[in-house]
Amino acid sequence: MAPLTGKYCDQWLNTEYNTAVIRAHRAADWKHFETEKDVYPNLRWMQTTSAEPDPVHMNFWSSRLTLPVDDPFWDHHHPGERWGCKCTCEQTDEPVNDLGVHDNIPDTASKGLHGNPGQTGQLFSEDHPYYPKNCGSCPFNKAVKNRMRLFLNKQKDCESCQACQQAIKSSVDMKLVRQQLMHLIENCNNNRPTGSSVQLGILPSKYIKRIEEKLGTDIVSVRLLVNDKQIAHALRTVKRFRGAAVDESEFIEELLNIDKLEIGLLYENNRPTIHFISRHGSYFNKYVFRINEYDKRSKTTNIAFITAGKIDSVILDQYEIIK
């Protein structure tokens, strides 16, 4: 048993981690390719940096495969689609060299790595062993719900499944999150913010596509992160004196239950923002988050808390409410 667990921890998990990092980089590259395709319309499959090249991909890079960025080939064949793959693509304006790849080329992706992550937003596809085979075998769907899903022949869609989302939320120790959030507020009240942060949860996947369409930008990460320096800005004394700051007790409870708040979209300072809204009769509390913000302390990209405020309800007309 020890040799098996050692191999799993030392080799397989390292391979999964490294592949996830590589596919994240390939997804970021893809966004750049799409932005620059009017100048460099084609992509060339580049040679791997691996000491032991994968023979499946060798034909692509050894023959200098070059196709347009919009070619459907890239939807199903892409560097990073095999475990440990270290191939890359390079954008170019040199001529197309298609190698006849549209002549019924076989599936080259490893199980669990199908699809272009820059298009799907998924590091692992749903045929990965971590995903259930169907809704009927999913542990997050029980009893009657299970049978109803089978009866309705509903297609598996783990990324948008509300049962999965609820399971993820339930796995978070909200008591600990509450303690962490109150600690950050205490630091702010004592004028000692340090840049520490706490993750509240994730943005529900069923709203992501609509938000991206309305704001005209892609959401890289769905983590909702709150930083104590931004809390200090939202609850600063002068704002409290003006009656524009959210009441501290409301601030805590509403952030901890952010998934239950309304979502409004608005551009602030020419940057797309998501506003979580809690109505209170003549006024509403808004919690402003900015997408794709890089946090230097945690070295992660997040949907980051920017500020909060108590606003006259008349201002609600400025929002496009999507939830």
Taking the six-membered ring for Trp and the full ring for Phe, Tyr or His, determine whether the centres of Phe73 and Phe60 are under 6.0 Å apart. yes
Any chance the rings of Trp30 and His78 have centres within less than 6.0 Å? yes
Rounded to the nearest 0.5 Å, what's the gap from [atom1] on [X] to [atom2] on [Y]? Could you check?
{"X": "Asp38", "Y": "Asp93", "atom1": "CG", "atom2": "CG", "value": "11.5 Å"}
{"X": "Leu224", "Y": "Asp259", "atom1": "CG", "atom2": "CG", "value": "9.5 Å"}
{"X": "His25", "Y": "Thr88", "atom1": "NE2", "atom2": "OG1", "value": "12.5 Å"}
{"X": "Tyr207", "Y": "Ile274", "atom1": "OH", "atom2": "CD1", "value": "12.0 Å"}
{"X": "Ile22", "Y": "Tyr17", "atom1": "CD1", "atom2": "OH", "value": "11.0 Å"}

Is there side-chain contact between [X] and [Y], with at least one heavy-atom pair below 4.5 Å?
{"X": "Asp247", "Y": "Ser249", "value": "yes"}
{"X": "Thr273", "Y": "Ile306", "value": "no"}
{"X": "Ile303", "Y": "Ile202", "value": "no"}
{"X": "Glu16", "Y": "Trp83", "value": "yes"}
{"X": "Val96", "Y": "Pro68", "value": "yes"}
{"X": "Leu67", "Y": "Leu43", "value": "no"}
{"X": "Phe284", "Y": "Ser278", "value": "no"}
{"X": "Tyr294", "Y": "Asn292", "value": "no"}

Angle class for the Phe305/Tyr287 ring planes (parallel below 30°, perpendicular above 60°, tilted otherwise)? tilted
side-chain contact (heavy atoms from CB on, under 4.5 Å) evaluation trace for Ile211 with Ile219: CA-CA 9 Å; Ile211 291 173; Ile219 296 176; 3.9 Å; yes
Could you work out, with ring-ring contact (aromatic ring centres under 6.0 Å, His included) as the rule, every residue matching His114, not counting sequence neighbours? none
Any residue meeting ring-ring contact (aromatic ring centres under 6.0 Å, His included) with Phe33, in chain and number order, not counting sequence neighbours: none
Which residue pairs satisfy the salt bridge (charged side-chain N to carboxylate O under 4.0 Å, His left out) criterion with at least one member in residues 40-51, sequence neighbours excluded? Arg44-Glu94
Side chains of [X] and [Y]: do they bring a donor and an acceptor to under 3.5 Å?
{"X": "Glu81", "Y": "His57", "result": "yes"}
{"X": "Asn302", "Y": "Arg223", "result": "yes"}
{"X": "Thr194", "Y": "Ser196", "result": "yes"}
{"X": "Ser282", "Y": "His280", "result": "no"}
{"X": "Gln91", "Y": "Asn42", "result": "no"}

Atom of [X], atom of [Y] and distance for their closest heavy-atom approach:
{"X": "Pro79", "Y": "Cys87", "result": "CB-O, 3.3 Å"}
{"X": "Glu250", "Y": "Tyr283", "result": "OE2-OH, 3.2 Å"}
{"X": "Arg240", "Y": "Ala245", "result": "CG-CB, 3.6 Å"}

Take atom [atom1] in [X]; do more than 12 heavy atoms of anything else shown fall under 6.0 Å from it?
{"X": "Glu213", "atom1": "CD", "value": "yes"}
{"X": "Met58", "atom1": "CE", "value": "yes"}
{"X": "Lys209", "atom1": "NZ", "value": "no"}
{"X": "Lys239", "atom1": "NZ", "value": "yes"}

Show your working on side-chain contact (heavy atoms from CB on, under 4.5 Å) between Ile185 and Ile231 and close with a plain yes or no. CA-CA 7 Å; Ile185 293 174; Ile231 293 176; 4.0 Å; yes
Do the side chains of Glu253 and Arg178 get close enough for a salt bridge, i.e. N-O under 4.0 angstrom? yes
Check ion pair Glu186-Arg192 (N to O, under 4.0 angstrom): no
Donor-acceptor pair, side chain of Ser50 and main chain of Gly84, under 3.5 angstrom: no
Spell out, as yes or no, whether a donor-acceptor pair under 3.5 Å connects the side chain of Thr66 to the backbone of Arg64. yes
Given Leu184 and Val198, is the side-chain contact (heavy atoms from CB on, under 4.5 Å) satisfied, shown in steps? CA-CA 8 Å; Leu184 296 186; Val198 59; 3.8 Å; yes
